[in-house]
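Reading through the structure tokens given below for one structure.
One-based numbering, in listed order, for ligands and for the atoms of each. Position 1 is the first residue of the sequence; numbering continues from there.
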Amino acid sequence: MQHYSGFGLLKHSFSHHENWQRVWRNPTPKKKYDVIIVGGGGHGLATAYYLAKEFGVTNVAVIEKGFLGGGNTARNTTIVRSNYLWDEAAHLYEHSMKLWEGLSQDLNYNVMFSQRGCLNLGHTLQDMRDIERRVNANRLNGIDGEVLDAQQIKEIVPVLDCSDSARYPVMGASWQPRAGVARHDAVAWGFARGADAHGVDLIQQTEVQDLIIEDGTVVGVRTAQYGDIRADKVGCVVAGNSSVLAKMGGFELPLESHPLQALVSEPIKPILDTVVMSNHVHGYASQSDKGDLVIGAGIDGYNGYGQRGSYATVEHTIQAILEMFPVFSRVRMNRQWGGIVDTCPDACPLITETPVKNLFFNCGWGTGGFKATPGSGHVFAASLAKGEMHPLAKPFSMFRFHNGALVDEHGAAGVAH
Ligand code: FAD
Ligand code: PYC
């Protein structure tokens with residue numbers, strides 16, 4: 001692992017990026033691993049990191065078809081919170097929140113986790129009843145939360161239109177002070193560097209084209225570059241591409257793939273030092289440390305694998321943001337992009353065994369998996385290492401759609417889907 005002293009940093013800042021050492025190796029894959037993780041996003045990399053670091057399973061490869069963290073991990077708006085309604089989900093996301101709180105120290109890499117708080121606004125009586133119920137449930141689970149009225153919100157976010165003349169006046173909000181944002185690519189790089197340092201092989205630009213299944217058991221993956229790579233266990237962590245991988249395994253997952261867009265503005269002076277979300281007006285915003293407004297709303301309604309999305313959603317998103325923040329009306333937008341999210345009918349993930357022995361999936365995080373990155377990786381790693389699903393993962397088996405034990409988190413999902 002490479003460490004720079006203050007002097008080293010200064011020297012490299014004048015080096016025109018020459019002679020920098022790689023932060024992780026670029027290995028040729030072995031013929032066989034104990035565990036192959038398909039997908040080098042935050043969740044796959046976190047799984048590999050915890051497998052090696054915490055569970056001593058170091059003969060691991062992460063196989064990524066593009067570059068590490070280039071999927072939804074690089075495309076999301078980085079909101080981290082744990083204020084979910086049902087015990088099963090709340091425990092899982094709070095497990096993640098606790099890991100976030102020590103993550104920069106654990107990885108020795110600054111993931112810029114900033115606990116600046118998150119407001120989920122209510123605009124109707126029903127919104128407020130739902131908010132009160134969710135905050136009460138959170139507090140019973142030991143998760144921080146408060147119900148605020150419009151006056152208290154205005155004190156936290158002076159630029160939010162809390163007037164009675166708004167089309168959908170703000171009636172109140174849930175407030176989670178420990179929520180916040182993090183630097184998404186740093187999260188991927190921190191986990192990648194940590195996994196590599198523990199001996200994990202990170203194989204980029206290599207698509208898994210098929211799963212090798214013998215007698216109902218997965219025994220490896222097929223790639224164009226390196227042929228067959230064998231493994232005792234395979235964990236698929238491929239977000240919007242999960243249905244494609246499941247098809248290779250010969251089964252279907254209860255998932256739909258949709259584009260989800262984000263937009264960032266030109267940088268402006270600090271004006272918004274918390275996260276504001278409204279499921280009713282249907283938009284959310286925060287401000288990055290660089291000064292850009294980071295903005296988004298709900299999924300594009302159609303299914304697809306194109307990482308862009310439709311103009312109508314952009315317009316709708318901006319309308320919602322201006323409804324909430326008229327003060328932003330002359331801010332120019334800089335960039336827009338989309339990711340492909342894997343939405344599950346109950347708005348909860350699938351962390352699961354499958355009909356194929358030794359083949360596991362971790363997916364279905366839809367619009368809200370960034371916040372789960374460390375927790376998801378941790379419980380998935382434990383499950384793969386022990387060959388038995390971690391207690392926090394058990395409620396999220398794909399087989400809940402057979403027995404009906406769904407965990408409906410549509411109300412707490414940040415954006416509609
Ligand atoms: P990814 O980062 O997508 O990683 C999956 C990887 O698998 C990709 O790199 C892909 O290239 C690779 N892959 C796919 N198929 C193959 C194959 N056949 N072979 C090899 N590799 C393959 N969540 C929040 O909590 N807060 C937010 O504010 C938030 N905002 C969002 C905003 C947008 C616009 C989007 C798109 C998503 C947002 N999310 C948010 C959701 C969040 O981004 C995802 O749930 C999370 O990043 C998923 O991480 P992952 O590692 O599972 O997936
Ligand atoms: O899950 O909090 C969330 C979220 C915000 C924006 C997209 N997802």
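Ranking the protein heavy atoms by distance from atom 3 (O) of ligand 1 puts N72 N, 2.8 Å first. Scanning the protein heavy atoms around atom 13 (N) of ligand 1, the nearest turns out to be V238 CG1, 3.7 Å. Atom 8 (C) of ligand 1 has E64 OE1, 3.4 Å as its closest protein atom, hydrogens excluded (heavy atom only). Shortest contact from atom 4 (O) of ligand 1 to any protein heavy atom: G41 CA, 3.3 Å. From the protein, the heavy atom lying nearest to atom 26 (N) of ligand 1 is I79 O, 2.9 Å. The closest protein non-hydrogen atom to atom 32 (C) of ligand 1 is N76 CA, 3.4 Å. The protein heavy atom nearest to atom 15 (N) of ligand 1 is N241 CB, 3.6 Å. G39 CA, 3.3 Å is the protein heavy atom nearest to atom 7 (O) of ligand 1.
For E388, the CD atom counts as loosely surrounded, since its 6.0 Å shell holds 12 or fewer non-hydrogen atoms of other residues, nucleotides or ligands.
The pair E101-R178 counts as a salt bridge, with a side-chain nitrogen and a carboxylate oxygen less than 4.0 angstrom apart. Salt bridge D228/K31: absent, no basic N to carboxylate O contact under 4.0 Å. For the pair R230 and E214, the salt-bridge criterion is met [side-chain N within less than 4.0 Å of a carboxylate O]. Here R81 does not pair with E94 in a salt bridge; the nearest charged N to carboxylate O distance is not below 4.0 Å. Taking the charged nitrogens against the carboxylate oxygens, K53 and D106 do have a contact shorter than 4.0 Å, which makes a salt bridge.
Of the polar atoms of I340, none of the N or O atoms is found under 3.5 Å from an N or O of ligand 1, judged by distance alone. Between E207 and ligand 1, a contact under 3.5 Å exists for no N or O pair. For ligand 1, one of its N or O atoms has an N or O atom of T73 under 3.5 Å away. The shortest N or O to N or O distance between A239 and ligand 1 is not below 3.5 Å. At least one N/O-N/O distance between T77 and ligand 1 falls below 3.5 Å. Inclusion of G338 in the set of residues having an N or O under 3.5 Å from an N or O of ligand 1 is not warranted. Checked by distance only, ligand 1 and K371 come closer than 3.5 Å through their nitrogen or oxygen atoms. Checked by distance only, ligand 1 and R75 stay at 3.5 Å or farther apart across all their nitrogen or oxygen atoms. Remark: ligand 1 and G42 share an N or O pair separated by less than 3.5 Å (distance only, no angle test).
If you check each of H43, R81, K65 against atom 20 (C) of ligand 1, the one with the closest non-hydrogen atom is K65. Relative to atom 17 (C) of ligand 1, the option among V221, V237, V208 with the closest non-hydrogen atom is V208. The heavy atom nearest to atom 42 (C) of ligand 1, considering only F191, F67, F370, Y284, is found in F370.
Around ligand 2, the residues contributing at least one heavy atom under 4.0 Å from the ligand are T77, I79, R81, M277, Y284, T367, G368, K371, G414, V415.
Close approach of ligand 1 to A262 is summarised as follows: ligand atoms under 4.0 Å from at least one heavy atom of the residue are 34 (C). Here is the list of ligand 1 atoms found below 4.0 Å of a heavy atom in I63: 20 (C), 21 (N). Those atoms of ligand 1 that come under 4.0 Å of a heavy atom in T78, given as number and element, are 27 (C), 28 (O). Near V38, the atoms of ligand 1 lying under 4.0 angstrom from a non-hydrogen atom of the residue are 19 (N), 20 (C). Counting the atoms of ligand 1 from 1 in the order shown, those under 4.0 Å from a heavy atom of W365 are 45 (O). Listed by number with element, the atoms of ligand 1 under 4.0 angstrom from any heavy atom of Q261 are 34 (C). The distance from ligand 1 to the heavy atoms of G366 drops below 4.0 Å at these ligand atoms: 41 (C), 45 (O).
Q176 pairs by the side chain to side chain donor-acceptor pair (under 3.5 Å) definition with S82, D144, not counting sequence neighbours. For H91, the side chain to side chain donor-acceptor pair (under 3.5 Å) partners two or more places apart in sequence, or in a different chain, are N141.
Between W175 and C118 the shortest side-chain heavy-atom distance does not fall below 4.5 Å.
Heavy-atom minimum distance, K371 versus S96: O-OG, 2.8 Å.
At a 4.0 Å heavy-atom cut-off, ligand 1 touches L260 through backbone and side chain alike. Of the heavy atoms in T367, only backbone atoms (N, CA, C, O) come closer than 4.0 Å to ligand 1. Using a 4.0 Å cut-off between heavy atoms, Q209 makes no contact with ligand 1 at all.
Taking the ring centroids of F251 and F361, they lie under the 6.0 Å cut-off. Taking the six-membered ring for Trp, Y50 and F191 have ring centres closer than 6.0 Å.
In this structure, a donor-acceptor pair under 3.5 Å is absent between the side chains of R183 and T78. A side-chain donor-acceptor contact under 3.5 Å links S376 and N362. Side chains of Y33 and D201: a donor on one and an acceptor on the other come within 3.5 Å. Counting only N and O atoms by type, the side chains of N136 and E132 include no donor and acceptor under 3.5 Å apart.
Although no hydrogens or angles enter the test, the distance criterion places a donor-acceptor pair under 3.5 Å between the side chain of D149 and the main chain of Q152.
The closest approach between L245 and ligand 1 falls below 4.0 Å for a heavy atom of the residue. At least one heavy atom of G368 sits closer than 4.0 Å to an atom of ligand 1. In this structure, G240 has no heavy atom closer than 4.0 Å to ligand 1.
Between F370 and H184, the two ring planes are perpendicular [angle over 60°; tilted spans 30° to 60°]. Ring planes of Y93 and Y84: parallel class, angle under 30° (limits at 30 and 60°). Ring-plane geometry between H123 and H280 is classed as tilted, the angle between the planes lying from 30 to 60 degrees on a 0 to 90 degree scale.
Within the structure, the salt bridge (charged side-chain N to carboxylate O under 4.0 Å, His left out) test picks out the following pairs touching residues 283-295 (sequence neighbours left out): R116-D289, K290-D292.
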- request: May I have the step-by-step check of side-chain contact (heavy atoms from CB on, under 4.5 Å) for S174 and R134, ending in yes or no?
  value: CA-CA 8 Å; S174 68; R134 184 162 47 75; 3.3 Å; yes
